[in-house]
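Right, one structure below, let's go through it.
Being a predicted model, the structure only gives us computed values, none of them experimental. Labels below follow one simple rule: chain letters A, B, ... track the order of the sequence lines, proteins then strands, and each chain is numbered from 1.
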Protein chains: 2
Amino acid sequence: MSIQSEALDRKFIENFEKMIPDKGNRQIIMNAIEVFSRKGLAGTKIKDIAEKAGFSQGFVYNYFKSKDDIFIKIFDLALEGAGNSVKYASELEGTPYQKIYWLTEAYLSPEGISMHHWRLIMLQATTSEGIPEEAKRISKEKIKKPFEYMLPMIIEGQNLGEIVKEDPLTLSITYFSFIQGLGITRVQNGKDIPFPSVDMVLSFLRSKA
Amino acid sequence: MSIQSEALDRKFIENFEKMIPDKGNRQIIMNAIEVFSRKGLAGTKIKDIAEKAGFSQGFVYNYFKSKDDIFIKIFDLALEGAGNSVKYASELEGTPYQKIYWLTEAYLSPEGISMHHWRLIMLQATTSEGIPEEAKRISKEKIKKPFEYMLPMIIEGQNLGEIVKEDPLTLSITYFSFIQGLGITRVQNGKDIPFPSVDMVLSFLRSKA
DNA sequence: GTCTATAGGTAGATAGAC
DNA sequence: GTCTATCTACCTATAGAC
């Protein structure tokens with residue numbers, strides 16, 4: 001596990017404990033993340049989550065009032081984590097390209113909780129019709145955060161001449177799409193298939209001058 | 001709609017009519033593709049498909065024996081389409097890089113049935129636990145096709161000096177991951193957001209010499 | 001605190017009407 | 001051919017036992 005993804009996981013857990021103070025709730029959520037990400041919202045039965053957490057089916061309802069309720073909290077956490085990861089990278093020492101390099105290294109790490117976020121965000125936003133209204137609302141609100149931190153980095157990098165002078169928004173969209181695609185490949189195939197280096201992934205960003 | 005994606009769609013429809021000879025079956029499948037890709041396997045109700053196709057819920061069972069049955073046929077078609085698209089590109093005139101350029105143009109086109117395939121493959125393979133055993137078997141069998149046609153193109157391109165001299169398998173995996181990530185972004189956001197040019201996407205493939 | 005039992009609702013699949 | 005009615009099974013959520 002890379003230093004980068006460890007740092008992001010630490011950040012995530014910090015935020016996790018702040019957003020979900022109760023330990024029992026956290027235990028269920030940790031297990032539910034795993035199940036949801038494998039089966040999706042509709043495909044996940046409360047029994048699956050309960051069994052994985054070592055509880056009876058009915059007991060889950062002492063902590064959450066519905067399946068949607070659990071899902072919304074996880075979805076919110078995932079989006080927070082996505083925003084925070086870019087924010088954290090943007091606050092590091094170094095040039096913009098170095099920061100993005102660091103972030104990419106974290107994302108590409110085969111371990112790390114951050115991978116699960118991306119997967120969930122992807123999976124659920126794709127099947128977005130089925131997700132609760134509340135989750136859609138949260139999504140609208142928070143999906144822009146990663147871009148808020150990424151865009152200034154790209155623009156600064158362009159001014160420094162280390163990032164190619166294309167439209168910054170297009171570059172951001174391309175970056176997150178690429179990362180998401182690689183994340184999906186990772187979760188589908190495990191960590192034993194060949195994977196691109198950070199340098200290869202960031203070719204499209206680097207200035208050719 | 002680009003010439004490239006039109007060509008792939010024509011190929012797809014050809015294969016579609018060969019694999020599903022009955023017109024009624026095809027009508028249901030065309031509608032089911034759309035619903036499955038929006039809601040996933042578990043989230044799709046037979047009623048949704050029936051309504052979209054303009055039938056009653058029960059009528060669907062005159063054509064297919066179960067929901068899984070419909071899904072398996074679509075999944076198979078999607079994987080066939082994925083393999084055929086790369087095969088088709090590899091048989092075009094031109095240098096390997098030109099062929100991959102053509103293929104990428106087809107994939108990035110906002111319209112075109114091919115986009116739906118990718119989305120479905122992605123979505124369902126990601127939530128793979130929930131899909132029927134038969135679909136998993138088909139997946140194992142056909143998922144390698146795109147690589148079979150992509151790898152020789154990359155190797156030839158490397159020999160010609162137009163493609164960077166990195167491990168061909170890594171480059172292939174990176175390519176399909178990238179395309180998949182962009183496809184997801186497309187279906188999530190529609191065609192009105194900025195999107196990278198083919199040149200930008202293929203930066204990581206181009207020889208720097 | 002945690003489980004078991006169950007009520008109530010939903011959806012897949014079938015069968016019989018028109 | 002196509003629809004309506006229904007049977008059955010499963011799942012969510014609750015309520016009450018220990």
Side-chain angles (χ1 to χ4, degrees), chain A residues 20-76 120 123-124 127-136, chain B residues 20-76 120 123-124 127-136:
Chain A
I20 317 283
D22 182 78
K23 208 176 162 216
N25 286 40
R26 282 206 301 272
Q27 194 190 341
I28 290 174
I29 284 185
M30 286 302 285
N31 287 288
I33 286 176
E34 216 275 316
V35 182
F36 276 131
S37 68
R38 278 189 293 110
K39 306 194 177 188
L41 173 59
T44 297
K45 312 302 164 208
I46 292 289
K47 210 187 72 180
D48 301 331
I49 297 171
E51 266 173 18
K52 184 140 202 322
F55 295 133
S56 69
Q57 188 262 1
F59 187 56
V60 172
Y61 290 90
N62 283 302
Y63 288 95
F64 296 93
K65 76 174 211 301
S66 69
K67 188 169 80 165
D68 277 5
D69 188 31
I70 303 175
F71 180 79
I72 288 164
K73 291 215 165 48
I74 289 177
F75 192 73
D76 195 7
L120 257 180
L123 184 67
Q124 311 308 343
T127 60
S128 52
E129 290 216 354
I131 70 173
E133 284 307 314
E134 171 75 0
K136 289 184 194 168
Chain B
I20 317 283
D22 182 78
K23 207 176 163 218
N25 285 43
R26 282 207 300 271
Q27 193 189 342
I28 290 174
I29 284 186
M30 286 303 284
N31 287 287
I33 286 176
E34 217 275 315
V35 182
F36 276 132
S37 68
R38 277 189 293 109
K39 306 194 177 188
L41 174 59
T44 297
K45 313 303 165 207
I46 292 287
K47 211 186 73 179
D48 301 331
I49 297 171
E51 265 173 19
K52 183 136 203 326
F55 294 133
S56 69
Q57 190 258 4
F59 187 57
V60 172
Y61 289 91
N62 282 304
Y63 290 95
F64 296 95
K65 73 174 215 298
S66 68
K67 187 168 82 164
D68 277 5
D69 188 29
I70 303 175
F71 179 79
I72 288 164
K73 291 215 166 45
I74 289 177
F75 191 73
D76 196 5
L120 258 182
L123 184 67
Q124 311 309 342
T127 61
S128 53
E129 290 215 353
I131 70 172
E133 283 307 315
E134 171 74 0
K136 289 185 194 166

Partner residues of B:Phe64 under the ring-ring contact (aromatic ring centres under 6.0 Å, His included) criterion, sequence neighbours left out: none
Checking A:Glu51 now: which residues fulfil side-chain contact (heavy atoms from CB on, under 4.5 Å) with it, not counting sequence neighbours? A:Lys47
In this structure, how many angstroms lie between the P atom of D:dC11 and the CD1 atom of A:Ile49, rounded? 13 Å
In whole angstroms, how far is the P atom of C:dG1 from the CD1 atom of A:Ile28? 14 Å
What does nucleotides 3-18 of chain C look like as a protein-contact string, B for base, S for sugar-phosphate only, - for none, at under 4.0 angstrom between heavy atoms? BB------SBBB----
For residues 53-62 of chain A, pull every pair meeting side-chain hydrogen bond (donor to acceptor under 3.5 Å, both in side chains), keeping only residues two or more places apart or in separate chains. none
ring-ring contact (aromatic ring centres under 6.0 Å, His included) with B:Phe59: which residues, sequence neighbours excluded? B:Phe55, B:Tyr63
For B:Asp69, the side chain to side chain donor-acceptor pair (under 3.5 Å) test, sequence neighbours excluded, returns B:Lys73
